[in-house]
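Okay, so here's the structure we're looking at.
Keep in mind the model is a prediction, meaning the values are calculated, not measured. FYI, the numbering just counts along the sequence from 1.
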Amino acid sequence: MTQFPALLQLLVAASTKKSNSVVPLIILVVIALAGYFLFLKPQQAKARAARSNQGAGYMVGDEVQTIGGVVGTILEIHGDRYTLLTGSMGSDGNLDGPQPTRIVFVRQAIARKLEPVVDVAVDADDDGAIDGHHHDAVEIEDHDEGAEEA
C-alpha cells in the first residue's frame, strides 16, 4: 500500500516536468503492448484451440490412455462420457485375463490415443548384430576374490 502514494507522486512529478519525461513512459507502454500481442495472445489462442480439439477424433474401438495411466478400448460414447474396457489384449484381438473391467471417464480424462502395436519380425541371419557390428560377450572379473584371500 505504501507503494501506491509513491507511484502517484512520481506520476504527478512527471506531469509537471517537460514533455520529454513522458517519452520513456510511452516507450514502456508500447513495449508492454507489443509483448502482449506477440507472446501472450498467440499462446492463449493455442490453448483455446487445444481445449476445443480435446477429445475430437476418438471413436468406438480406439485404444486410449487416460491421464491416470489407465489403458483401454472405447466401447461407448455418450456426450462427454467415454466407457472404456480395460484388460490385456490377446493375439486374437480379444481381451485376456480373469475379467475385463468397464470404466466410465469424462472426455477431459482421456490423455491420448494409442497407436496399435506392430510386431517386427527378426531376421534369422542377423545373429544379434547391431548396425552390422557383432558384439562379443564380455566376461567381468570379480576383483573382490583377491581382497578376500589377503
Side-chain angles (χ1 to χ4, degrees), residues 1-11 14 23-150:
M1 286 301 210
T2 60
Q3 295 173 350
F4 183 71
L7 183 62
L8 190 60
Q9 287 177 353
L10 260 173
L11 289 175
V23 173
L25 183 63
I26 292 173
I27 290 174
L28 286 175
V29 169
V30 168
I31 290 173
L33 287 174
Y36 175 76
F37 285 108
L38 291 176
F39 297 111
L40 294 178
K41 199 71 168 166
Q43 187 65 26
Q44 290 172 350
K46 274 187 200 177
R48 190 178 316 113
R51 281 192 304 271
S52 67
N53 288 337
Q54 185 180 13
Y58 296 135
M59 297 172 43
V60 173
D62 288 344
E63 188 173 18
V64 295
Q65 179 181 4
T66 66
I67 57 174
V70 176
V71 175
T73 305
I74 297 176
L75 286 181
E76 300 172 345
I77 301 174
H78 296 287
D80 69 337
R81 298 181 186 271
Y82 291 75
T83 303
L84 299 185
L85 185 65
T86 63
S88 60
M89 293 291 247
S91 60
D92 58 354
N94 294 325
L95 288 170
D96 290 339
Q99 182 173 352
T101 306
R102 291 174 156 226
I103 307 174
V104 178
F105 289 96
V106 293
R107 180 181 66 183
Q108 291 81 7
I110 297 178
R112 65 186 179 111
K113 180 178 175 181
L114 298 176
E115 298 301 322
V117 178
V118 179
D119 290 334
V120 178
V122 178
D123 294 337
D125 60 341
D126 195 13
D127 292 337
I130 300 174
D131 297 331
H133 298 92
H134 291 281
H135 298 278
D136 297 325
V138 177
E139 291 185 25
I140 299 175
E141 296 179 18
D142 191 10
H143 293 288
D144 292 335
E145 290 177 6
E148 291 175 6
E149 293 173 4

Any I74 side-chain heavy atom under 4.5 Å of V64 side chain:
yes
Sub-4.5 Å side-chain heavy-atom contact between E76 and V60:
no
Tell me, please, which residues at least two apart from K113 pass salt bridge (charged side-chain N to carboxylate O under 4.0 Å, His left out).
D62
For the atom pair CG (L84) and CZ (R102), what is the distance rounded to the nearest 0.5 Å?
10.5 Å
Could you walk me through whether V70 and Q65 pass side chain to side chain contact (heavy atoms under 4.5 Å, CB included), step by step?
CA-CA 6 Å; V70 176; Q65 179 181 4; over 6 Å; no
Do V104 and Y82 come within less than 4.5 Å of each other through their side chains, counting heavy atoms only?
no
How close do L85 and P100 get, heavy atom to heavy atom, and via which atoms?
CD1-CB, 3.7 Å
Taking the side chain as every heavy atom from C-beta outward, state whether I77 and T83 have any atom pair closer than 4.5 Å.
no
About how many Å separate OH of Y58 and CD of E63, when rounded to the nearest 0.5 Å?
12.5 Å
How close do P42 and F37 get, counting heavy atoms only, and between which atoms?
CD-O, 3.4 Å
Heavy-atom distance under 4.5 Å between the side chains of V71 and L114, does that happen here?
yes
Once rounded to the nearest 0.5 Å, what's the spacing between atom CD1 of I67 and atom CZ of F105?
9.0 Å
Student check: side-chain heavy atoms of Q108 and I110 closer than 4.5 Å:
no
Can you name the side-chain hydrogen bond (donor to acceptor under 3.5 Å, both in side chains) partners of Q44, sequence neighbours left out?
none
OG1 of T73 to CG of L75, rounded to nearest 0.5 Å, is 7.0 Å
